[in-house]
Amino acid sequence: MVDVAVPAARGESDPEPVHTSADSESGGPHIPHPHPQHEDDPRHEEPDTAPHSGVPGPGVAEIVAQAVARGMEDDDDTQDLPKVSAPHRGTAVTEVPVHLPFRATAPAPLPEPAPRPAARPVRPVRPARPAPGRRVPRGDDHLREHRGPVLPGWVGVAVGGLALAGCTAVLWRAGVVPAPLVAAFGAAPRAYQGLRATHWPPLAFLGIVALVALGGLGRARTGHAWVLTLFGRYRGTVRRTGLTWVSPLLLRRRVDVRLRHWRSDPMPAVDSGGLALQVVVQVVWQVKDTARATLAVADHTEYLAEQVESAMARVLSQLPADAFHEDAPTLRDAEAVGDALTRMLAAETEAVGIEVYSAQPTRIEYAPEVAEAMRRRRVAAIDAKHRDTVLTSVVDAVDDTVHRLTSRGLVELDDYERKALVKDLTVAFYTGRTE
């Protein structure tokens with residue numbers, strides 16, 4: 001049996017010599033294991049003859065030691081190990097299990113791709129629903145006032161005069177103009193030769209020019225404007241005053257753009273407590289956009305009256321008409337009620353080109369069926385408030401009087417006398433106040 005010692009890794013002690021079991025038992029000569037001459041290079045070893053084979057060449061132990069050393073030097077690749085050639089004829093080969101103290105460098109395994117989340121089903125986009133509740137009307141963005149086609153009136157007069165002069169000249173050449181009229185202008189009369197075919201085209205053209213030039217003249221008044229339309233389409237607004245010329249093909253609609261006020265009749269309403277009221281409102285307003293005021297609504301003045309009644313009902317239903325026994329905001333605060341009514345009415349009428357400057361309730365009264373009952377209630381509340389004020393002043397006067405008498409040492413009162421004095425003073429002061 002042969003014991004083979006495999007050298008350890010680099011940096012450890014040298015391998016032990018190889019001993020044969022026969023030598024150890026018989027006490028024969030000891031054959032030492034050859035040591036490498038260069039310690040730095042374990043691969044450089046002198047070949048030796050195996051003690052058991054008798055054939056020249058490296059033994060199994062040397063081959064294994066060289067392979068281990070080569071593998072420890074080249075950590076990156078194990079393919080450079082020396083290949084053992086085929087054994088010589090007559091040699092015995094023994095397989096020696098060797099566990100190398102290193103592992104071949106292997107490529108790091110790629111991380112497995114994370115599973116993709118399942119695609120969510122795309123929901124169809126639903127159109128946004130309008131917010132519930134009352135909405136302020138919006139006007140047409142394409143319908144806005146802009147300047148219409150207009151020329152000064154003298155242009156139309158000049159063109160029309162020239163066209164008529166041209167017609168007169170053509171007729172004079174044809175001899176149609178009477179001789180006395182021609183002589184009045186200092187021209188020589190011509191004999192009548194009749195209207196030929198060459199006379200009709202210029203007469204027709206000049207006649208049409210005269211009709212268009214003179215038919216487009218108009219008088220624009222201050223504080224009014226013309227809204228021009230052509231076959232139902234808005235063409236512009238004319239705010240110019242005086243003599244103007246507008247194409248006779250355009251339809252004109254006069255609009256009042258002056259500052260105006262409207263006073264309503266007594267309108268029914270209710271307060272926050274449900275009491276019937278009658279309210280009169282005065283509105284100061286003006287047409288700012290003539291295109292919307294004329295074309296966006298059938299009648300802008302009627303629309304304004306309806307919106308005043310609607311806005312008034314919403315504003316007045318938020319507060320009580322009177323607060324008899326507490327200090328709270330009521331409809332008697334005309335400034336606050338007017339501001340709220342103006343803001344609401346301005347937002348409602350902006351879509352039709354109307355600008356509201358002021359909407360003020362001028363009179364707020366109870367309806368006839370509840371007026372008498374509310375009058376008595378108001379009188380009772382006023383009387384109660386007056387009594388409370390009188391009583392408070394009497395108590396303050398009595399307290400001040402008793403305090404002065406006792407603090408200055410004018411009188412010395414026990415409890416019974418103090419109560420009697422307070423009673424007498426209260427009756428006296430209260431009787432004097434009520435009278």
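The first residue of the sequence shown is numbered 1, and numbering continues consecutively from there.
With sequence neighbours excluded, the residues forming a ring pair (Phe, Tyr, Trp, His ring centres under 6.0 Å) with Tyr234 are His146, listed by chain and number.
Donor-acceptor pairing under 3.5 Å is recorded for the side chains of Ser310 and Arg314. Checked by atom type, the side-chain pair Thr290/Thr237 shows a donor-acceptor distance below 3.5 Å.
Atoms CG and CG, from Leu203 and Leu171 in turn, are 5.0 Å apart once rounded to the nearest 0.5 Å. Note that the CG atom of Leu228 and the OG atom of Ser247 stand 9.0 Å from one another [nearest 0.5 Å]. Rounded to the nearest 0.5 angstrom, Cys167 SG and Phe205 CZ are separated by 10.0 Å. Here the CG-CG distance, from Leu214 to Leu164, works out to 5.5 Å after rounding to the nearest 0.5 Å.
Under the side chain to side chain contact (heavy atoms under 4.5 Å, CB included) test applied with Thr392, the options Asp388, Thr389, Val390 reduce to a single match, Asp388.
Counting all heavy atoms, side chain and backbone alike, Pro361 lies closest to Gly338 at CD-CA, 4.0 Å. Of all the heavy atoms in Ala359 and Leu345, the pair that sits closest is CB-CD2, 4.0 Å. Closest heavy-atom contact between Ala321 and Leu277: CB-CD2, 4.1 Å. The minimum heavy-atom distance between Ala213 and Gly160, with the atom names listed, is CB-N, 3.5 Å. Taking every heavy atom of both residues into account, Val257 and Ala225 meet most closely at CG1-CB, 4.2 Å. A pairwise comparison of heavy atoms in Tyr357 and Gln286 identifies OH-OE1, 2.9 Å as the closest pair.
The closest side-chain heavy-atom distance from Leu319 to Thr330 is not below 4.5 Å. Side-chain contact between Val238 and Val227: absent, with no pair of heavy atoms (C-beta onward) separated by less than 4.5 Å. Residues Val159 and Val209 are in side-chain contact: their nearest non-hydrogen atoms beyond the backbone lie under 4.5 Å apart. In this structure the side chain of Val356 never reaches within 4.5 angstrom of the side chain of Val284, judged on heavy atoms. When side chains are defined from C-beta on, Phe231 does not count as touching Leu249, because their heavy atoms never get closer than 4.5 Å. Using a 4.5 Å cut-off on side-chain heavy atoms (C-beta onward), Val337 and Val315 make contact. Here the side chains of Pro248 and Val212 are in contact, with some heavy-atom distance below 4.5 Å. Side-chain contact between Leu304 and Trp285 is present, with heavy atoms from C-beta onward closer than 4.5 Å.
Sorted by first then second residue, the salt bridge (Lys or Arg N to Asp or Glu O under 4.0 Å) pairs that include residues 234-254, not counting sequence neighbours, are Glu145-Arg239. Applying the side-chain hydrogen bond (donor to acceptor under 3.5 Å, both in side chains) test to every pair with at least one member in residues 298-307, sequence neighbours left out, gives these pairs: Asp299-Thr301. Applying the side-chain hydrogen bond (donor to acceptor under 3.5 Å, both in side chains) definition to pairs two or more places apart or across chains, those involving residues 257-281 are Asp256-Arg258. Pairs engaging residues 196-212 under the side-chain hydrogen bond (donor to acceptor under 3.5 Å, both in side chains) rule: Gln193-Arg196 [sequence neighbours left out].
Within a 6.0 Å sphere centred on CZ of Arg332, other residues, nucleotides and ligands contribute more than 12 heavy atoms. Other residues, nucleotides and ligands contribute over 12 non-hydrogen atoms within 6.0 Å of the CD atom of Glu372. Around the CD atom of Gln360, the shell of radius 6.0 Å holds more than 12 heavy atoms that belong to other residues, nucleotides or ligands.
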- Message: Using the rule given for side-chain contact (heavy atoms from CB on, under 4.5 Å), can you reason through Val308 versus Met267, listing the C-alpha separation, both sets of side-chain angles and the distance that settles it, and then say yes or no?
- Response: CA-CA 10 Å; Val308 167; Met267 295 181 292; 4.3 Å; yes
- Taking it one step at a time, do Trp226 and Thr244 satisfy side-chain contact (heavy atoms from CB on, under 4.5 Å)? CA-CA 11 Å; Trp226 281 337; Thr244 58; 3.5 Å; yes
- Check the pair Trp154 / Leu217 against side-chain contact (heavy atoms from CB on, under 4.5 Å), numbers first and verdict last. CA-CA 9 Å; Trp154 64 266; Leu217 294 176; over 6 Å; no
- Item | Step-by-step side-chain contact (heavy atoms from CB on, under 4.5 Å) determination, His224 to Val255 | CA-CA 6 Å; His224 293 77; Val255 181; over 6 Å; no
- Walk me through it: do Lys419 and Glu417 pass the test salt bridge (Lys or Arg N to Asp or Glu O under 4.0 Å)? CA-CA 5 Å; Lys419 291 179 181 180; Glu417 293 174 346; over 6 Å; no
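Salt-bridge formation is not detected for the pair Glu348/Arg343: no Lys NZ or Arg NE/NH1/NH2 atom is positioned less than 4.0 Å from an Asp or Glu carboxylate oxygen.
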Which side-chain N or O atoms in residues 394-403 pair as donor and acceptor under 3.5 Å with protein atoms at least two apart or in another chain?
{"from": "Asp400", "atom 1": "OD2", "to": "Arg404", "atom 2": "NE", "distance (Å)": "3.3"}
{"from": "Thr401", "atom 1": "OG1", "to": "Ala397", "atom 2": "O", "distance (Å)": "2.8"}

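Looking at Arg292, its side chain never comes within 3.5 Å of a backbone N or O of Ile354 through a donor-acceptor pair. Judged by distance alone, the side chain of Thr362 and the main-chain N or O of Val280 form a donor-acceptor pair under 3.5 Å.
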